[in-house]
Amino acid sequence: MMAATRPMLVPATAARGAVALDPVYRHMRDLVYKISGIFQLEEKLYLMVDACGRRMKQTGAVTPHQYWDLLTAHGSREAELRQLLNEITIGETCLFRSQSQLDALRKVILPEIVKDKSKQAIRRLRIWSAGCSTGEEPHTLAMNLMEESNGLLKDWTLEILATDLNDRSLEAAKAGVYGEYALRNTSEYYRQKYFMRAEENKLQVRPEVKNLINFTRLNLQDDSKMLFMKGVDMIFCCNVLIYFDETSKSKVINHFFSNLNFGGYFFLGAAESLMRLNNKFHLVHFPGTIGYWKPSLKSEKL
Amino acid sequence: MNTDITETIRERVRQIEVTPSIPAIFHPLLKLLNSPPDEVNLDEVIKVASYDSAIAAQCLRVASSPLFGQSRPPDSMKAAIISLGLRRVETIVLTCCMGQAFAPSNWVLDPTVFWRHSLGCAMVCRKFSEKIKAHDHEKAYMAGLLHDIGFIVNSMSFGEQFSKAVAAACEQQIPLHEAELQHMGFTHCETGRALGEAWNLSGELIQVIAYHHQPENSETGRGLVALVHLCDLLCRVRGLDYGYYESSKVDLVADPAWEILQKTHRELQDVDLARFTFELDEDVRGIYELVSTIFGSPRKN
Ligand SMILES: C[S@@+](CC[C@H](N)C(=O)[O-])C[C@H]1O[C@@H](n2cnc3c(N)ncnc32)[C@H](O)[C@@H]1O
Ligand SMILES: [Fe+2]
Ligand SMILES: [Fe+2]
């Protein structure tokens with residue numbers, strides 16, 4: 001009887017084998033959180049353990065303690081942490097990656113933005129996927145906006161900016177051809193409506209979806225270019241800033257704050273947080289997800 | 001509020017009071033919990049808690065949950081009190097009693113969902129209380145556990161109207177207390193208050209039950225009311241909700257309750273809310289498991 005749409009934070013499958021974990025991994029978890037803001041849930045800790053295992057092989061560390069020494073020793077810690085972060089976030093992207101973000105977008109944020117902008121007779125929406133990699137995120141956003149284009153967003157001009165530093169990723173993003181792995185969260189409904197058959201059992205995103213998206217190369221650390229990004233309603237920058245050190249991270253976030261319209265929103269990856277890097281954004285909760293809000297002008301005056 | 005409604009609520013609550021399902025130890029236990037900690041006699045608690053052997057056995061199982069900070073099941077009530085402390089064991093016994101107090105019939109809300117929210121809120125209140133270094137973490141736990149007991153009254157005594165309110169809340173994705181007000185003219189805050197008064201709960205707990213959706217209106221003990229208010233909001237966006245999607249945006253720091261709590265607890269400004277949220281996610285599975293231990297297995301739809 002109850003609506004079954006609420007976010008499931010607890011996976012249906014049982015936790016992976018409850019092998020006692022070397023306590024040093026909890027120190028690593030805290031270190032990773034401190035450096036990158038990524039919090040590894042207890043039940044996902046095995047992913048970090050796997051990632052450490054791969055790095056230990058590469059570096060020749062035999063025990064987790066030896067690896068911990070590498071992660072903390074003066075000469076090696078920065079390079080090694082970067083490598084470990086690469087391992088932790090590797091191959092993580094897929095379409096419909098965060099359903100609770102999409103629910104927040106469609107059920108809470110869009111109605112709010114549409115209401116605000118309608119007062120000013122504006123019918124234009126701009127969303128930015130910063131660090132879009134091979135395009136899964138902007139394509140997912142485009143399809144979800146198109147779902148609203150006969151209702152809430154009827155007669156609106158929609159635009160998605162998708163940027164990344166990596167040219168090869170951008171090429172793949174423009175092609176929009178995805179295999180089963182990237183499509184594992186994509187329902188039959190979306191497959192039928194927004195994809196066409198491609199080679200090797202893959203699916204390609206239809207042109208009308210791609211038409212909403214503007215793919216460009218952009219380095220988030222390039223201050224002069226960042227200044228030009230204006231009038232954005234929402235920014236998704238998921239699992240990108242984890243690679244940045246604190247100073248550059250904080251710089252990018254300040255850019256994002258000025259890039260956004262008043263009343264706009266900024267999302268990080270599901271396990272990331274801003275920590276104390278910026279206190280102008282309000283941390284806001286939606287069911288199952290956290291976002292950051294640039295308060296609208298009127299609420300700031302209160 | 002209309003005095004007629006208040007009287008109707010009181011009358012119906014009186015009828016609930018006589019349902020046979022409330023364990024015999026419930027009232028003596030509440031009395032113990034209401035008395036100042038230094039006046040509580042250890043042997044008396046053990047006697048009360050062991051009176052009902054089913055509840056006693058369940059308490060020992062619950063005490064071994066990592067959420068209560070014990071890795072091996074204690075083999076007696078006394079052992080539990082020694083390792084966990086008297087206050088915590090009292091709250092465990094109360095939790096188990098609540099599980100037996102209400103027969104699983106006549107529920108409008110899915111009882112599993114209700115207890116996940118209540119127990120979840122209790123755990124989060126205790127955790128938050130620890131984070132901000134409040135005085136009494138176990139009291140925060142009790143406040144969280146009991147804050148929504150008005151829903152039980154609504155289910156049992158105003159079932160028909162309350163079902164309409166629940167259906168409307170699901171359908172419109174709005175907070176349940178708003179739907180109650182629209183469809184019943186009163187909320188679980190009033191009915192819960194009547195039950196709390198009938199049970200002789202402490203004044204502080206009654207304030208929480210009556211004002212957890214408007215802490216700024218509470219008469220006394222505003223800090224505790226504000227704490228429960230914030231934790232309730234957090235639970236509802238983190239998998240410990242009332243079983244339906246509430247399209248809500250929750251800005252805890254901008255909430256009036258935050259300011260109320262900040263006045264008495266300066267530690268609040270140092271809380272890393274994102275991390276607190278992620279840590280709460282880690283407990284959600286444990287809370288689901290505890291609920292099936294204490295309140296029976298989930299009802300199949
Ligand atoms: C793990 S992927 C994230 C993909 C997608 N946002 C997601 O969450 O599924 C990280 C992406 O960030 C990009 N990136 C890293 N540093 C960048 C920078 N300075 N400027 C722009 N993009 C950057 C990488 O090229 C990579 O494609
Ligand atoms: Fe409530
Ligand atoms: Fe509640």
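The chains referred to below are lettered A, B, ... by the order of the sequence lines, with proteins before strands, and numbering in each begins at 1.
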Neighbour count above 12 (heavy atom, 6.0 Å) for A:E246 CD: no
Spacing of B:Y245 atom OH and A:S100 atom OG [to the nearest 0.5 Å]: 8.0 Å
Enclosure of B:E216 CD (heavy-atom neighbours >12, cutoff 6.0 Å): yes
Contact origin within B:L233 toward chain A - heavy atom pairs under 4.5 Å: neither
B:E160 atom CD: more than 12 heavy-atom contacts under 6.0 Å: no
B:L273 CG to A:L274 CG distance, which is reported to the nearest 0.5 Å: 12.0 Å
CG-CG distance between A:L283 and B:D251, expressed to the nearest 0.5 angstrom: 8.0 Å
Rounded distance [0.5 Å steps], NE2 in A:H285 versus CZ in B:R238: 5.5 Å
A:A270 versus B:F278, closest heavy-atom pair with distance: O-CE2, 3.4 Å
Non-hydrogen side-chain atoms of A:I290 and B:T277 separated by less than 4.5 Å: yes
A:R29 vs B:E282, salt bridge (Lys or Arg N to Asp or Glu O under 4.0 Å): CA-CA, chis, key distance, verdict: CA-CA 14 Å; A:R29 178 201 21 212; B:E282 295 205 314; 3.2 Å; yes
Interatomic spacing from NZ in B:K249 to NE2 in A:H282 - rounded to 0.5 Å: 9.5 Å
Side chain / backbone / both / neither for B:D270 at chain A, heavy atoms under 4.5 Å: backbone
Whether over 12 other heavy atoms sit under 6.0 Å from B:Q172 CD: yes
Any B:V250 side-chain heavy atom under 4.5 Å of A:F286 side chain: no
Contact origin within A:E272 toward chain B - heavy atom pairs under 4.5 Å: backbone
Where B:S248 and A:P287 come nearest, the two heavy atoms and their spacing: O-CD, 3.5 Å
